[in-house]
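Okay, structure first, notes after.
Each chain gets a letter, A, B and so on, in the order its sequence line appears, and its residues count up from 1.
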Amino acid sequence: MPELPEVESVRRGVDEWTAGTTITGAEVADPRILGTTSQRRIDPSAVSGFASAVTGAHILKAERRGKFMWLSLGEATAPSSETAGSGARSPLTPELGILVHLGMSGQLRIHSPGEELHRHTRAVLRLDSERELRFVDQRIFGHIGVQPLVHGYGRLVPASAIHIAPDPLEAAFDPERVVAELAKKRTAIKAALLDQTLVSGIGNIYADEALFRAGVHPLAVPARTRKNRLTAVIESATTVMSDALAVGGTSFDALYVNVNGESGYFDRALLVYGRGGQECVRCGTEIVKITVGGRGTHYCPVCQKVPRYR
DNA sequence: CCATGTCCCTGCAAGC
DNA sequence: TGCTTGCAGGGACATG
């Protein structure tokens, strides 16, 4: 389940292989990958539309915000060094991007054209006719599509990612703003952490890890929690994801494979996620598993005190 | 507007 | 053994 660290890990690999290349062709093996999980009825013209829209495009670079990744597209001219004005169709001011969301089980892999297709390959981009970027996704919770780039929180982002907030690893991230917004929430803090419009990039694994490290109960209500506790949670989320990125991301179900085909490992550093019934690494108490917002949630009932509100 | 619930999809594990 | 059932989860969307 790729979250920010895993997606960033993939982005780096993808950028190395794709930046500066030209898309010489594209294939969509499963049209459902072009839609979202709630828009699965894909017009047949969308398949050829996708291929024709990306073929001939020049990939400037691979970018990311939260768990959303995209290839910014531009003219195939040699880029100069600095941005000057807002000249029309400058390669430095891309207007289109190819959005890729990995969903639950998405992988991006680089292959040579002749190599056997993985069973769950959903889409393929040919790069300079000598490499292929393949989007493999077992569960089809991910999606890919061409979108206009629009301004959001100081950057150009794909239109469908306009609503998500900056993630903790980007310059526009403002911890004080996030804590202030978080403090208005009356839902469980675990659910709030998964709200990508508040902070992006945090998924189910790192939400549990951040709460454990900050000593905050997943059912605590932000609006009734001390600001310094909320700050600790946001700081913990930032730290745990930075640490995960440093070792290549999390993987324990073999579904996540980075662009070079190797798994990233961080599971040994997980302190509570997936440890229901086991002893807390800090105090030995049995880790409890509950459901919050429809997601499996793990916590230590001693290290993360049950909030008592009146 | 805010919060909560449902659905999408597949493969695996558990139960009978 | 072989079937059925339950479970996992990110995000779009519907509902309260």
Collect all protein-nucleotide pairs involving nucleotides 1-3 of chain B in which both atoms are nitrogen or oxygen and the distance is under 3.5 Å.
residue, atom, partner, partner atom, Å
B/dA3, OP1, A/R186, N, 2.9

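What separates CG of A/D195 from P of B/dT4 is a distance of 12 Å, to the nearest Å. The distance from atom CD of A/Q107 to atom C1' of B/dT10 is 14 Å, rounded to the nearest whole Å. Rounded to an integer number of Å, the gap from CD1 of A/I33 to P of B/dC9 is 11 Å. To the nearest angstrom, C1' of B/dC8 lies 16 Å from CG of A/L34. Rounded to an integer number of Å, the gap from A/L194 CG to C/dA8 P is 15 Å. At whole-Å resolution of the value, CG in A/L102 and P in C/dG10 are 12 Å apart. Straight-line distance from the CG atom of A/D137 to the P atom of B/dC9: 12 Å, rounded to whole Å. In this structure, CD1 of A/I144 is placed 17 Å from C1' of C/dG10, rounded to the nearest angstrom.
With sequence neighbours excluded, the residues that form a side chain to side chain donor-acceptor pair (under 3.5 Å) with A/E27 are A/R126. Residues forming a side chain to side chain donor-acceptor pair (under 3.5 Å) with A/E286 (at least two apart in sequence, or on another chain): none. Residues passing the side chain to side chain contact (heavy atoms under 4.5 Å, CB included) test with A/P113, sequence neighbours excluded: A/E132.
Listed for the A/T24 side chain is a donor-acceptor partner under 3.5 Å among the backbone atoms of A/S129. Side-chain atoms of A/E209 come within 3.5 Å of backbone atoms of A/V272 as a donor-acceptor pair (strictly under, hydrogens ignored). In this structure, A/R122 contributes its side chain and A/Q138 its backbone to a donor-acceptor pair below 3.5 Å. No donor-acceptor distance shorter than 3.5 angstrom exists from the side chain of A/Q278 to the backbone of A/I287, with no hydrogens or angles considered.
By the stacking rule of 5.5 Å between ring centres and under 30° between planes, A/F141 does not stack on the base of C/dG11.
Distances were taken from every side-chain heavy atom of A/H163 (C-beta onward) to each of B/dG11, C/dG9, C/dA12; the shortest belongs to C/dA12. When distances are taken from the side chain of A/R139 to each of B/dG11, C/dA8, C/dG11, the shortest belongs to C/dA8. Out of C/dA8, C/dG11, B/dG11, the shortest distance to the side chain of A/Y273 is found at C/dA8.
Side-chain contact, A/T21 with A/D128: no donor N or O sits under 3.5 Å from an acceptor N or O. A donor-acceptor contact closer than 3.5 angstrom links the side chains of A/T297 and A/K190. Side chains of A/D208 and A/H298: a donor on one and an acceptor on the other come within 3.5 Å.
Hydrophobic clustering places A/W70 together with A/I162 (ILVMFWY residues linked when any side-chain heavy atoms are closer than 4.5 Å, directly or through intermediates). Both A/L245 and A/F173 are part of a single hydrophobic cluster, where members link through side-chain heavy atoms under 4.5 Å apart.
The side chain of A/Q196 contributes no N or O atom lying less than 4.0 Å from OP1 or OP2 of C/dG10. For A/Y206, no side-chain nitrogen or oxygen approaches OP1 or OP2 of C/dG9 to under 4.0 Å. Dashed line: the shortest gap from a side-chain N or O of A/H143 to OP1 or OP2 of C/dG11 is not under 4.0 Å. OP1 or OP2 of B/dT10 has at least one side-chain nitrogen or oxygen of A/R32 nearer than 4.0 Å. Applying the 4.0 Å criterion to OP1 and OP2 of B/dT10, one finds that A/H120 has every side-chain N and O outside that range.
Between A/F68 and A/H101, the ring planes are perpendicular. Angles over 60° get that label, and only those under 30° would be called parallel.
Rounded to 10°, the angle separating the first-five-pair axis and the last-five-pair axis of the helix from B/dC2-C/dG16 to B/dC16-C/dG2 equals 50°.
Near DNA chain B, meaning a heavy atom under 4.0 Å away, there are no residues from residues 287-300 of chain A.
Mapped onto DNA chain B by nearest heavy atom, A/R122 and A/A188 fall at different nucleotides, with A/A188 at the one closer to the 5' end.
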